[in-house]
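All values below come from the heavy atoms of this structure, side chains included, with hydrogens, waters and symmetry mates left out. Since we're looking at a predicted model, the values are computed, not measured. As the structure lists them, so they are numbered: ligands from 1, and atoms in each ligand from 1.
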Amino acid sequence: MAGNSNNGPTPPVDVVIMAAGKGTRMKSKLPKVLHRLAGRTLVQHVVDTAAALSARQVTVITGHGAEEVEQALAASSSTFELGFVRQEPQLGTGHAVQQTVPVLRDDGIVVVLSGDVPLTQADTLQHLITASAGSQLALLTIDFADPTGYGRIVRSGDAVQAIAEQKDATPGQLAITEVYSGIMAVPALQLKRWLARLDNHNAQGEFYLTQIVKFAVADGVPVVAHKITDAVQVAGVNSPVQLAGLERAYQQRLALHLMEQGVRLADPARLDVRGKLNCAQDVSIDVNCIFEGEVSLGEGVRVGANCVIRNASIAAGAVIHPFTHIEGGPPGSKDAVEVGAGALIGPFARLRPGVRLGAEVHIGNFVEVKNSTLAKGAKANHLAYLGDATVGERVNYGAGSITANYDGAFKHRTVIEADVHIGSNCVLIAPLTIGAGGTVGGGSTLTKDTPPLALTVARGRQLSIPNWKRPRK
Ligand code: UD1
Ligand code: CA
């Protein structure tokens, strides 16, 4: 066995995540750990924290909704071995961890986490691992003014002697305010030996993981407490109220972090980031904006109030006016959305997957763009639809005009070459190419390509009948 020393090689970290519990108080069909916080499931947060710890192996203990939980996590990209063990029925936290014994290797340090405690920081766990020094039992603890419900840290002098669960604690122990967070780091070999000795002779008739503290003390293995003060990091989610509370705590921290980088938020309490938001210098964001997936905002970008922006890269100096909705596909895919430098978007604009806008493009109110490329300086300022279109530089696309890109079975492309002016209320029936420098008269319905530089009009000719007498009764 490794010596009791800080200097030896650090053992590999193997993470165990307890996620078998029912979560009755969520009052939901969805397994508790699959509820989302900041766009990711609770258990995904915990798995991502394990990844940040450079874990060798992550084992998730599932029970209630096991298949759903396993399916949700299977897709998560990982730098570690991800495995699942089932716990059926659920006979307590000790019984839960017992299920992992067959898959745990002997040479690791095991970090026990819960799938419903999403906001523990990797550096906190790193400190806990360091505290275990590869051979000791390290408990993450915290002082609570009201410790009701938690396991109390029972000490004799300074030395930790036991964890007394709420329902088993003596009146004296109930007065202890230092509680066990539910998170520990423990050498795998010792853990296995102690798990084999658990019993359920306690007030709840459960196998308590916390019983191992007594075994460690009996075996002369030091038990160390790493005490933190940040309650958010150990807070669990048991109800919609707690979920909303942690969501706010997460968003508040993220907003603070953005402002520390120089981002101007009109109100840090009215920002929601459900993914990654990267901001260059001098970005400002007005109230009630939601960012999803991966969004990057270039230097000086301004985002107006009430915008929802998913998976988009917005270049320097662009302005996104209020109530704009951008829904790009996954970053790096053909569906991602790009907005060029100095572009003006909105208010009330909608950019759908696969939109690429060049510099200084203007997309105005009630304009919908899908799977289209607009080159530098192109404008569609009012009430229009561009789908499956390639639009050249400086094109002006009139109010009320649409590309009819779908014939009921297939999608076709519309090409509008540079310097074209499309009048108002045109219907461009794809496939179609409008030649460079051409003009299309308002109200035209086009079914054939048009030559460069021509004026094309395709509508009934205007006719006036002089002195027209209306019928009379
Ligand atoms: C546990 C600790 C307590 C600590 C508290 C912190 C024990 C006996 N007690 O209590 O000292 O202060 O956490 O929140 O460990 N789970 C399973 N299978 C089971 C039982 C639980 O997977 O059979 C999972 C739950 O889904 C949850 C986690 O383990 O994610 C903790 O279970 P929970 O019932 O919340 O433990 P507590 O009784 O609160
Ligand atoms: Ca709990």
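- Residue contacts with ligand 1 for Ala20 involve both N, CA, C or O and side-chain atoms from C-beta outward (heavy atoms, distance under 4.0 Å).
- Within the structure, ligand 1 lacks Ile61 among the residues with a heavy atom less than 4.0 angstrom away.
- If you look at Glu206 next to ligand 1, there are no close heavy atoms at all, none under 4.0 Å.
- Here is the list of ligand 1 atoms found below 4.0 Å of a heavy atom in Ser181: 6 (C), 14 (O).
- Among the atoms of Ala96, none of the N or O lies under 3.5 angstrom from an N or O of ligand 1.
- With respect to the salt-bridge test (charged N to carboxylate O, under 4.0 angstrom), the residues Arg264 and Asp282 qualify.
- Under a 4.0 Å N-O distance rule, the pair Asp14/Arg105 does not qualify as a salt bridge.
- Lys370 places a side-chain heavy atom less than 4.5 Å from the side chain of Asp388.
- The closest donor-acceptor contact from the side chain of Thr120 to the backbone of Gln233 lies under 3.5 Å.
- Of the candidates Val46, Val69, Leu30, Leu34, Thr41 forms a side-chain contact (heavy atoms from CB on, under 4.5 Å) with just one, namely Leu34.
- For ligand 1 and Ser114, the ligand atoms under 4.0 Å from any heavy atom of the residue are 28 (C), 30 (O).
- A salt bridge does not link Asp219 to Lys214: none of the charged nitrogens lies less than 4.0 Å from a carboxylate oxygen.
- The residues Glu247 and Arg36 are annotated as not salt-bridged, no charged nitrogen and carboxylate oxygen being separated by less than 4.0 angstrom.
- Backbone and side-chain nitrogen or oxygen atoms of Thr210 are examined, and none is located within less than 3.5 angstrom of a nitrogen or oxygen of ligand 1.
- Contact annotation: for Val117 versus ligand 1, there are no heavy atoms closer than 4.0 Å.
- In terms of polar-atom proximity, Gly151 is counted as a contact of ligand 1, with an N or O under 3.5 Å from an N or O of the ligand.
- Looking at Gln87 against ligand 1, only its side chain comes within 4.0 Å, counting heavy atoms.
- Taking CD1 of Ile314 as the start and CD1 of Ile320 as the end, the distance is 4.0 Å to the nearest 0.5 Å.
- Atoms of ligand 1 lying under 4.0 Å from any heavy atom of Tyr208, numbered from 1 in the order shown and given with element: 8 (C).
- Every atom of ligand 1 is numbered from 1 in the order shown, and the set under 4.0 Å from a heavy atom of Asp116 is 27 (C), 30 (O).
- From Thr10, atom OG1 reaches atom CD1 of Ile129 across 9.0 Å, with rounding to the nearest 0.5 Å.
- Of the listed residues (Leu113, Val85, Leu104, Val111), just one forms a side-chain contact (heavy atoms from CB on, under 4.5 Å) with Val16, and that residue is Leu104.
- The closest heavy-atom contact to atom 13 (O) of ligand 1, among the options Pro147, Gly182, Gly236, comes from Gly182.
- Between Thr93 and ligand 1, at least one pair of N/O atoms sits closer than 3.5 Å.
- Polar contact with ligand 1: present for Gly92 (N/O pair, distance under 3.5 Å).
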